[in-house]
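Chain letters run A, B, ... following the sequence lines, proteins first, then strands; residues in each count from 1. Quantities reported herein were computed from a predicted structural model and do not represent experimental measurements. No hydrogens, no waters, no symmetry mates; every other heavy atom, side chains included, goes into these values.
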Amino acid sequence: MSGSLLKVAGVTRRFGGLTALDGLDLDVGAGEILGLIGPNGSGKTTFFNVITGVFPPNAGSIHFGGHDITGFAPPAIYRAGIARTFQRSRLCLELSVLDNILIGNQLRLTRGFIFNLLRRRRFADQYRAFRAEAVDLLATFDPPLARRIEEPVAGMPMILRRRIEICRALISRPRLLLLDEPSAGMTHDETRHLMDDILEVRRRLGGELAIIIIEHEMGVIERITDRCAVLNFGQKICEGSYRAVAADPLVQQAYLGVE
Amino acid sequence: MNGSFPRALLPGLAAIVLGVLFLALLLTFESQWSVGALLAGGAAVVFIASRAGLLSRAATSFDTHEPVMAGATILALLVLAAWFAEDHFPLLMLSTVLLMVTSCLGLTVQFGFAGMVNFAGAAFFGLGAYTAAVLVRYTHLPHLLSLPAGGLAAGILGSVLIWPMLRTKGHYSAVVTIAFAILFKTFLEVNDTLGGAQGMKIRNIVVFGWKPNQDIEIGSLELSHYLIYFLAALALAAVAFVFCRRLERSWIGLSMDAVRIDETAAACFGLDVRRWKIVAFTWGNVLAGMAGALYALMVGYVAPNNFTFGDSLILVSIVLLGGIGNVWGVMVAAALMILLPEKLQAIQEYRFLLYAVLVMLILLFRPQGLLPRPLRRYLPGGAGR
């Protein structure tokens, strides 16, 4: 791994008296899949929120692709190439599947008033192109769902919502994808399929996409990650391959449970 | 279409004809009993049509042949205006409804698309009206220019109000608009230059050497001067409609929807939440301001009591009743909310009480409004599916 894609150094985030992240250091290389594990409340989701700019860090620095993005607002961080999913699916339920995926495509949507209101022919061309792209992307996850792209998301089961959410994150072709508990609310088999699909799409995109995944399903972590980091009370207590991490006595005590 | 008359158009056209017929009778009837009977009859027809599935077929016509339906609506309204060409009152009422439609389309952009509740709609309407009045009274600008000037003034003052609104969230930003609505009226009442509580008259409006506030005589025919204002209001409403429709069916509408539904998620996907709120708020106020300016010229008179907080509430109720974000719903709701109290003197006194009850009933039993907003279609007529 020549140089890291994401370099987090000494990041601290406090909420009042609570230190949710405490001097965290973490590197992710291009194309790497990093598992982020730890007990509830250990700061995993806060870590995602800090990277994506939802909560700026109180201390420390975040570099992405060699650029300092510390304290950037969420839209700027997204433009730099970081996309995410949310722990509790945050789709726009009253909008169609297509609308939801296209929301993730902000970088490439032409947003001027003249174009959108008066150049309707050219708008229609752009619309058709992006729609075809969204259908293609969705079809790699779920061909039947790709045919229901005009339907509202409300009423669709969790597995479909997760797929839509991941497509929304991927359509902008990010360099780093943050997955926050993709297995939440799904069965083992559904999770397995979803992960296979993500790996397949990643292969098609040239394997350059790096992923950080928060997950409680150790089977998922073991199968897909190159490396794991364990958080506890906002600190990184261990880092290494899943096997090494799982064998670490500190980790067992904090998370996996000991006799 | 095979060159023949598409049968899918029929239910929609029938709905337009019936709707305009209803309006014509409502504006013609004088006795309270006949108005009451008409309302009961109208409600019965709507109920039976909805049970027979005719309403949804009409909705399909509007959905698949929108340009034809919009053209037919304009044509039907023109016929209606020609029917009343010599009567002041019905034309004044119809023009007022159209101006309210334009204002409410502005609110639709703000509230329906970007999710910003604006309880100062009537204040921005009034701002446009007062701008027009001041320009006509105190300057030598061509009087026609007071229309865009009214929109501009409302847009500019709105962009000042937007700053405190952006610093607050949800209900609190609605409170800022309430404060502005009340402040606006109070300011007008104590400002003597603007006529104080009595307001001021606008006289001698001239457009291209021609005086639109005098009745038009063609041979033995004497047409109401409101006919001109009706046509102007219709044109303005049509432009506002096309503007809103295209906005909704574009990336701008999509972005505003995303901002309304989940600000945090929207920001994480690169949307500049503040930018879209500013854009929506400003354009909405421009529409309200232009409608207000035309209103001032039409009635030739502006006073603080025409632009109260209560009037702002009526605008919001129209949007709620019509179906938040539905541009067709706004028209139906505006016609009902403006015309019914005018025609039913029995309820005029209790107008606000009834509005309040109505809003509560809508929110309880049909929160999506009379005509719920359908899913977005980017290209009209089902193309691109």
Distance-minimising heavy-atom pair for B:S255 and A:Q106: OG-NE2, 3.2 Å
A:R108, CZ atom: more than 12 neighbouring heavy atoms under 6.0 Å: yes
Heavy-atom check, side chain of B:R249 versus side chain of A:N116, under 4.5 Å: no
B:Y172 atom OH: more than 12 heavy-atom contacts under 6.0 Å: no
Option that, when pairs with chain B are counted at under 4.5 Å, heavy atom only, ranks first among A:T110, A:D99, A:I77, A:I103: A:D99
Value rounded to 0.5 Å, distance of CG in B:L271 from CZ in A:R111: 7.5 Å
Chain A contact via B:L375 - side chain, backbone, both or neither, heavy atoms under 4.5 Å: side chain
Euclidean distance, B:S250 OG relative to A:R119 CZ, rounded to 0.5 Å: 14.5 Å
Residues from residues 273-281 of chain B approaching chain A under 4.5 Å (heavy atoms): B:R275, B:W276, B:V279
Max heavy-atom pair count under 4.5 Å with chain A, selected residue of B:D262, B:D257, B:V242: B:D262
B:R57 atom CZ, over 12 foreign heavy atoms within 6.0 Å: no
Distance (rounded to the nearest 0.5 Å) between B:R376 CZ and A:L98 CG: 9.5 Å
Heavy-atom closest pair, residues B:A258 and A:C92: CA-SG, 4.4 Å
Flag if over 12 foreign heavy atoms under 6.0 Å of CD1, A:I114: no
Chain B contacts, top residue of A:L102, A:T52, A:I149 (heavy-atom pairs, under 4.5 Å): A:L102
Validation row, ring centre B:W251 to ring centre A:F115 under 6.0 Å: no
Toward chain B, the part of A:L117 with a non-hydrogen atom under 4.5 Å: both
Approximate separation, where rounding is to 0.5 Å, of A:F130 CZ and B:Y378 OH: 11.5 Å
Chain B contact via A:R120 - side chain, backbone, both or neither, heavy atoms under 4.5 Å: side chain
Taking every non-hydrogen atom, the tightest pair across A:R84 and B:C268: CD-SG, 4.0 Å
Rounded distance [0.5 Å steps], CD1 in A:I101 versus CZ in B:F269: 11.0 Å
salt_bridge(A:E94, B:R260) N-O dist < 4.0 Å: yes
Inter-residue atom distance A:L95.CG - B:L254.CG, 0.5 Å rounding: 7.0 Å
